[in-house]
Amino acid sequence: MSKAKVIVVGPPESGKTFLCNFLADATEFSGGEYHPTQGVRILEFETSAADSGRSNLDVELWDCSGDRRFESCWPAMARDASGAIFVYNPDQSNHDKELDTWYDFLIKNQHLKEPQCYVFAHHRPNTGGESTDLSNNFGKIPVVHTNLEEDHDSVRKEFNRFLSTLVRAMSSNREQEELSIMNQ
């Protein structure tokens with residue numbers, strides 16, 4: 001069985017914990033009072049990754065705090081990550097700039113590749129109006145608009161699509177490593 005470590009990053013109050021609880025079918029799934037994540041929360045679950053050719057996938061969702069005071073922990077959180085989900089609230093004007101900080105850290109410094117990433121533009125219930133656009137950094141990363149209260153099925157579908165893409169990338173990387181070892 002394959003294992004995927006997915007880090008979920010973004011600004012504070014963007015909905016990371018809410019999404020992680022939903023995706024992991026955690027009992028804590030509720031839209032109640034805001035409680036900021038301290039450091040990181042790890043949710044582990046098993047799922048079948050559609051189109052992956054494998055029966056099951058062990059997933060670790062690392063729900064990372066968006067608070068910059070935990071920035072010294074970012075390298076430990078990112079170590080051995082299979083992929084990343086960037087989460088932001090497009091109704092908040094500063095979230096796009098904070099997401100660029102995460103992009104710079106993960107893509108430029110930790111060497112994750114764009115195909116290993118997804119963006120969830122997480123809308124809160126009964127919000128609308130002007131949405132903040134992301135910088136050109138995110139031009140090659142799929143952006144999915146999510147709202148769990150209005151369409152939770154599509155959120156799950158997009159997450160499974162991301163996992164399938166991730167499993168294929170992990171398999172390809174593993175094959176390249178094996179070929180590299182055999183050619184030494």
Side-chain angles (χ1 to χ4, degrees), residues 1-26 28-29 34-47 49 52 56-90 92 95-122 134-135 137-146 148 155-156 158-174:
M1 182 179 318
S2 293
K3 183 175 187 176
K5 174 182 174 181
V6 178
I7 56 176
V8 181
V9 299
E13 296 189 61
S14 57
K16 298 178 301 290
T17 297
F18 192 58
L19 279 164
C20 286
N21 286 341
F22 169 75
L23 295 170
D25 290 325
E28 304 156 11
F29 176 66
Y34 174 70
H35 298 286
T37 301
Q38 301 299 310
V40 66
R41 293 173 55 243
I42 303 170
L43 293 92
E44 297 179 82
F45 60 97
E46 187 177 303
T47 187
S52 69
N56 286 322
L57 177 68
D58 279 337
V59 177
E60 286 183 0
L61 275 184
W62 287 52
D63 175 12
C64 303
S65 173
D67 192 325
R68 294 293 292 264
R69 70 184 168 127
F70 296 107
E71 191 169 353
S72 64
C73 301
W74 291 4
M77 293 176 196
R79 185 175 297 125
D80 299 325
S82 308
I85 297 175
F86 296 89
V87 179
Y88 80 109
N89 181 343
Q92 297 293 320
H95 278 196
D96 58 327
K97 290 170 185 53
E98 290 186 53
L99 223 55
D100 279 331
T101 302
W102 282 102
Y103 179 94
D104 289 343
F105 175 73
L106 293 172
I107 306 294
K108 294 181 180 175
N109 297 329
Q110 297 299 309
H111 309 294
L112 274 177
K113 309 261 187 288
E114 279 101 349
Q116 296 169 274
C117 300
Y118 237 59
V119 176
F120 280 0
H122 186 64
L134 294 176
S135 71
N137 286 336
F138 293 92
K140 295 181 180 176
I141 300 174
V143 177
V144 177
H145 289 268
T146 63
L148 290 176
V155 176
R156 174 98 47 214
E158 289 296 337
F159 179 67
N160 287 335
R161 181 176 293 148
F162 168 66
L163 288 179
S164 295
T165 302
L166 202 54
V167 167
R168 285 191 296 276
M170 289 166 41
S171 178
S172 176
N173 289 345
R174 191 170 27 255

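In this text, all values refer to a predicted model and were calculated from it rather than measured experimentally.
Of all the heavy atoms in Val8 and Cys20, the pair that sits closest is CG2-SG, 3.6 Å. Pairing each heavy atom of Lys16 with each of Asp63, the nearest pair is CB-OD1, 3.6 Å. The two residues Ile7 and Cys64 have their closest heavy-atom pair at CB-SG, 4.2 Å. Between Ile107 and Cys117, the shortest heavy-atom distance links the atoms CD1-SG, 3.6 Å.
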Begin with the C-alpha distance, continue with both residues' side-chain angles, and end with the deciding distance and a verdict on side chain to side chain contact (heavy atoms under 4.5 Å, CB included) for Leu57 and Lys3. CA-CA 6 Å; Leu57 177 68; Lys3 183 175 187 176; 5.8 Å; no
Go through it in stages, so that I can follow the logic: the residues are Asp104 and Asn137, the test is side chain to side chain contact (heavy atoms under 4.5 Å, CB included), and I'd like the CA-CA distance, side-chain angles, deciding distance and then a yes or no. CA-CA 9 Å; Asp104 289 343; Asn137 286 336; 4.1 Å; yes
query: Where do Val6 and Phe162 land on the side chain to side chain contact (heavy atoms under 4.5 Å, CB included) test, with the steps shown first?
result: CA-CA 10 Å; Val6 178; Phe162 168 66; 3.8 Å; yes
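Tyr88 is linked by a side chain to side chain donor-acceptor pair (under 3.5 Å) to nothing, counting only residues two or more places apart in sequence or in another chain. Residues that satisfy the side chain to side chain donor-acceptor pair (under 3.5 Å) test with Glu158, not counting sequence neighbours, are Tyr118, Arg161. For Lys97, there are no side chain to side chain contact (heavy atoms under 4.5 Å, CB included) partners two or more places apart in sequence or in a different chain. Remark: Phe120 pairs with no residue by the ring pair (Phe, Tyr, Trp, His ring centres under 6.0 Å) rule, at least two apart or across chains. In this structure Asp100 satisfies the salt bridge (charged side-chain N to carboxylate O under 4.0 Å, His left out) test with no other residue, sequence neighbours excluded. Qualifying side chain to side chain donor-acceptor pair (under 3.5 Å) partners for His95, counting only residues two or more places apart in sequence or in other chains: none. Annotation: side chain to side chain donor-acceptor pair (under 3.5 Å) contacts of Trp62 (sequence neighbours excluded): Glu60.
You'll find the side chain of Glu98 reaches within 4.5 Å of the side chain of Pro12, heavy atoms only. Looking only at side-chain heavy atoms (C-beta outward), Val119 and Pro142 stay at 4.5 Å or farther from each other. Proximity of Leu61 to Leu23: side-chain heavy atoms (C-beta onward) are separated by under 4.5 Å at one or more points. Counting heavy atoms from C-beta on, the side chains of Val155 and His122 never come closer than 4.5 Å. Looking only at side-chain heavy atoms (C-beta outward), Asp96 and Leu99 stay at 4.5 Å or farther from each other.
To the nearest 0.5 angstrom, Leu43 atom CG is 13.5 Å from Phe22 atom CZ. In this structure, Leu163 CG and Ser2 OG are separated by 11.0 Å, a value rounded to the nearest 0.5 Å.
If you check the side chains of Tyr103 and Glu114, you find a donor sitting under 3.5 Å from an acceptor.
A distance-only check finds a donor-acceptor pair linking the side chain of Ser164 to the backbone of Asn160 [under 3.5 Å]. A donor-acceptor pair is defined here as one N or O able to donate and one able to accept, closer than 3.5 Å; such a pair exists between the side chain of Gln116 and the backbone of Lys113.
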Quiz: residues 70-87 side-chain donor-acceptor pairs under 3.5 angstrom, not counting sequence neighbours:
from	atom 1	to	atom 2	distance (Å)
Glu71	OE1	Arg68	NE	3.0
Glu71	OE1	Arg68	NH2	3.2
Ser82	OG	Lys5	N	3.1

